[in-house]
There are 4 protein chains.
Amino acid sequence: MNKREVQASVKDERLVQKRRDQMIKGAVALFKQKGFHRTTTREIAKAAGFSIGTLYEYIRTKEDVLYLVCDSIYDHVSERLQQDLALKKGTLDSLKLGIANFFQVMDEMQAEVLVMYQEVKSLSKDALPYVLKKEMEMVGMFENLLSRCVENGELHLSKKQVAMIAHNIFVQGQMWGFRRWALRKLFTLEEYIELQTELLLSGISAEVSATGTVPKSE
Amino acid sequence: MNKREVQASVKDERLVQKRRDQMIKGAVALFKQKGFHRTTTREIAKAAGFSIGTLYEYIRTKEDVLYLVCDSIYDHVSERLQQDLALKKGTLDSLKLGIANFFQVMDEMQAEVLVMYQEVKSLSKDALPYVLKKEMEMVGMFENLLSRCVENGELHLSKKQVAMIAHNIFVQGQMWGFRRWALRKLFTLEEYIELQTELLLSGISAEVSATGTVPKSE
Amino acid sequence: MNKREVQASVKDERLVQKRRDQMIKGAVALFKQKGFHRTTTREIAKAAGFSIGTLYEYIRTKEDVLYLVCDSIYDHVSERLQQDLALKKGTLDSLKLGIANFFQVMDEMQAEVLVMYQEVKSLSKDALPYVLKKEMEMVGMFENLLSRCVENGELHLSKKQVAMIAHNIFVQGQMWGFRRWALRKLFTLEEYIELQTELLLSGISAEVSATGTVPKSE
Amino acid sequence: MNKREVQASVKDERLVQKRRDQMIKGAVALFKQKGFHRTTTREIAKAAGFSIGTLYEYIRTKEDVLYLVCDSIYDHVSERLQQDLALKKGTLDSLKLGIANFFQVMDEMQAEVLVMYQEVKSLSKDALPYVLKKEMEMVGMFENLLSRCVENGELHLSKKQVAMIAHNIFVQGQMWGFRRWALRKLFTLEEYIELQTELLLSGISAEVSATGTVPKSE
DNA sequence: CATGAATGAGCCTTCATTCAT
DNA sequence: GATGAATGAAGGCTCATTCAT
């Protein structure tokens, strides 16, 4: 199965979705502020705009909230990326665009990503795989982009290199979110995107590569 | 000040160090398994080999344990790296060696790094800066290595590029620790080191010089 | 403000009052038996007839219970006295009646008064003033009674004498409560009231007028 | 027996006395500040100038400290009074002097008296009688003074009146200590002594004493 | 469906007391 | 005799979860 169902006592599917959206929105704000463990179910209910009793009509345990939050975040990010990338053909330019878009999404959803990033480990062994699977899918999207460039002959990379780079891109995206305390002092988002793309494509040492066309920026 | 002192009731400094080492060792194992919040102080005491009362002779609050753990990890990693790197001159080879060493340490201290990585955010506003400072120092070590290569003329990099790359190396090191669930399926440590070094130095495509055509975010 | 509000999580004011009444009743019995410090919150909850969790729905800290107890005792005593005294005109007879009533209340509420008397000092600096204020009000009631007798010409007393006597009456009332281990062996309540009133009004020796030959300390 | 023995592991009687004096002195200061229950044995040991281990060489339980403190206070007060009163003959003047002296002692030993007064109830059922007995002895001293005045024909009082007045004097003495928060605003010690003595001897209204409606019990 | 009062397991921390050195 | 590290029972308080209304 692709989703881990979170049981609700309420039948009306539309209502369930509505309530859960309220819940997720409130929870993200709280988790961001104090983390999952320091947030109480009462606080979540209040932030969501209903009572603790009602909260438990739509979830079974507190952990369900975390799962719902993580799930929702991945869905949003995933969706955002798929929109942008799905159509593109496998050119280097579309890869660059893909990376730039991803970093941009990471910037926009900074709060959510940070939350998810710090709290996934709190998911039970039960829910974790579903979330990890989502992550693999996203890495897979970059693998796809890269592979198509390889197929096109625009890049020459081994399978392993493709996998490695996809991971690197993904982690660098997250890095912009969870290391912003350090990075923001050094770069704007635009600079970050440009620098990372540049480094990714050309490497740091001209002598080592064949061409030596490393730009002396600044 | 460079350290945030954790108060102990016991006077004998040697004993304090010994007990805290026991404590940290036990705590790391537990935190790795269930995280900071799900670990109880009693469990920590037990894992350390003494009673809950004794635990509190060496710390003031549960959070002190976390701080001690984080502090100790950074110290160990830092020390390990300094040993390896301090003597080297600023050649490309010493850079490669530095990276390889760092990744290796990250592999050896995988458990600790994972823990620290996931739990720093649980540190109070009081202790966090001390830990973050340590992290900056470690990034600084790579900046140093890189700068020396630039001075030597072995690399041609701007200040910002140096900073960016240092961060990338650092995060890739951590990545080996906290994404091992994915990476281990694909690479051995040796492959990981080799691949990342290669990518770092040569970029993914010699043919593509940095055109500066990176899409500007809206 | 006249009251220090004790925060409750439960909204229903009627319920709050009911539960707190249960709580106070149970707490008085326990405090009387073992004192505030030796009584646990769990015991209070049990004596009140609900769980520890419920107890904390109606208070914030254990000290709140003590404050509630003290506050309630003063309220009861105060109310009892005001009923009896408010209407009376300022005659000697009404003074005598006031004293007798007060001593009687002290006898009836012996347990409560004892508790309050022994435990006020455990109140935090925060709550103490509110309780002390209540005590001053009660002393004030006797000052009032006395003053009216003075105005009526039934007594000839200076301001300071009025204040002193009011204090004496008040303390003698409490004395019946907290020294009963000694007094009960010597007097019945009726005898106590009669003797104290008599001594108050006539002095111990008519022959000896106030000579002012009291030895001046140093 | 007149004393409840507090067991000590140390044999040297002189040392035991010395250590206990240190202990009592430190404890009184602490109890005064924070009460018996909020004072830890460690604090007592520290205030006494030795280690917790040493403390327990001279007592068996924390309560022993309280008993020692109470016992010592009574001894001091008792001794002070006996010195002053023992020699006097039973005249009204010596009564007045006795009262004045007592109030003065209560003022000087205010801290100690306050402590004892608030903490006796914390004594176990085992130790309480010994302390209460001391208190009765002190009340007895005033009964004595009064009785001798009666024998001398300087006062005309029944047995019960004598007992009552002795209690009143005693409580008024304590009152100066434990109600000073209120009394100090109104009176100096000298005024207090003078006023109380005056009221005691003459009653509040000589005119009233004429009515004879006061039952001469016994 | 919604509410919120009730529950109690469980957590962090303190502190009186012991005992090996 | 003195010391202080070790112990663990016990206390105050929180909070996820339930259920009657």
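Below, chain A is the first sequence line, B the second, and so on; all start at residue 1. Model, not experiment: these values are computed from the prediction.
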Strictly below 4.0 Å: does [X] bring a side-chain N or O up to OP1 or OP2 of [N]?
| X | N | value |
| --- | --- | --- |
| Y58(B) | dA6(F) | yes |
| Y56(B) | dT14(E) | no |
| T54(C) | dA6(E) | no |
| R19(C) | dA6(E) | yes |
| T41(B) | dC12(E) | yes |
| T40(A) | dC15(F) | no |

Atom-pair distance ([atom1] on [X]; [atom2] on [N]), nearest Å:
| X | N | atom1 | atom2 | result |
| --- | --- | --- | --- | --- |
| H37(B) | dC12(E) | NE2 | C1' | 13 Å |
| R38(B) | dA9(E) | CZ | P | 20 Å |
| K46(A) | dT3(E) | NZ | C1' | 15 Å |
| I44(D) | dC15(E) | CD1 | P | 12 Å |
| D12(C) | dT21(F) | CG | C1' | 13 Å |
| I52(A) | dC1(E) | CD1 | P | 19 Å |
| Q7(C) | dT14(F) | CD | P | 13 Å |
| F36(A) | dA16(F) | CZ | P | 8 Å |

Could you check whether any side-chain heavy atom of [X] comes within less than 4.5 Å of a side-chain heavy atom of [Y], counting everything from C-beta outward?
| X | Y | result |
| --- | --- | --- |
| H76(C) | I73(C) | no |
| M23(D) | L68(D) | yes |
| H37(B) | R38(A) | yes |

Proximal nucleotide (of [options]) relative to the [X] side chain:
| X | options | result |
| --- | --- | --- |
| K62(A) | dC11(E), dA16(F), dA6(F) | dA16(F) |
| E57(B) | dA6(F), dG4(F), dC13(F) | dA6(F) |
| L15(D) | dG1(F), dT7(F), dA2(E) | dG1(F) |

Report the relative orientation of the aromatic rings in F178(D) and Y117(C); use parallel for angles under 30°, tilted for 30 to 60°, perpendicular for over 60°.
-> perpendicular

Taking the inter-plane angle between the rings of Y67(C) and Y130(C) on a 0 to 90° scale, is it parallel (under 30°), tilted (30 to 60°) or perpendicular (over 60°)?
-> perpendicular

Output row for DNA chain F, stems defined as at least 3 consecutive Watson-Crick or G-U pairs under 3.5 Å, is E:2-21 with F:2-21

Does one side chain, of R20(D) or Q17(D), offer a donor that lies under 3.5 Å from an acceptor on the other?
-> no

Pick base, sugar-phosphate or nothing for S9(D), based on heavy-atom distances below 4.0 Å to the nucleic acid.
-> nothing

Are any of the side-chain nitrogens in D12(B) or R19(B) under 4.0 Å away from the carboxylate oxygens of its partner?
-> no

Polar side-chain atom of D21(A) near backbone of K18(A) as donor-acceptor pair, under 3.5 Å | no

Earlier contact from the 5' end, DNA chain F, for K11(B) and R42(B) | K11(B)

By nearest-heavy-atom nucleotide on DNA chain F, the more 5' of G53(D) and L55(B) is G53(D)

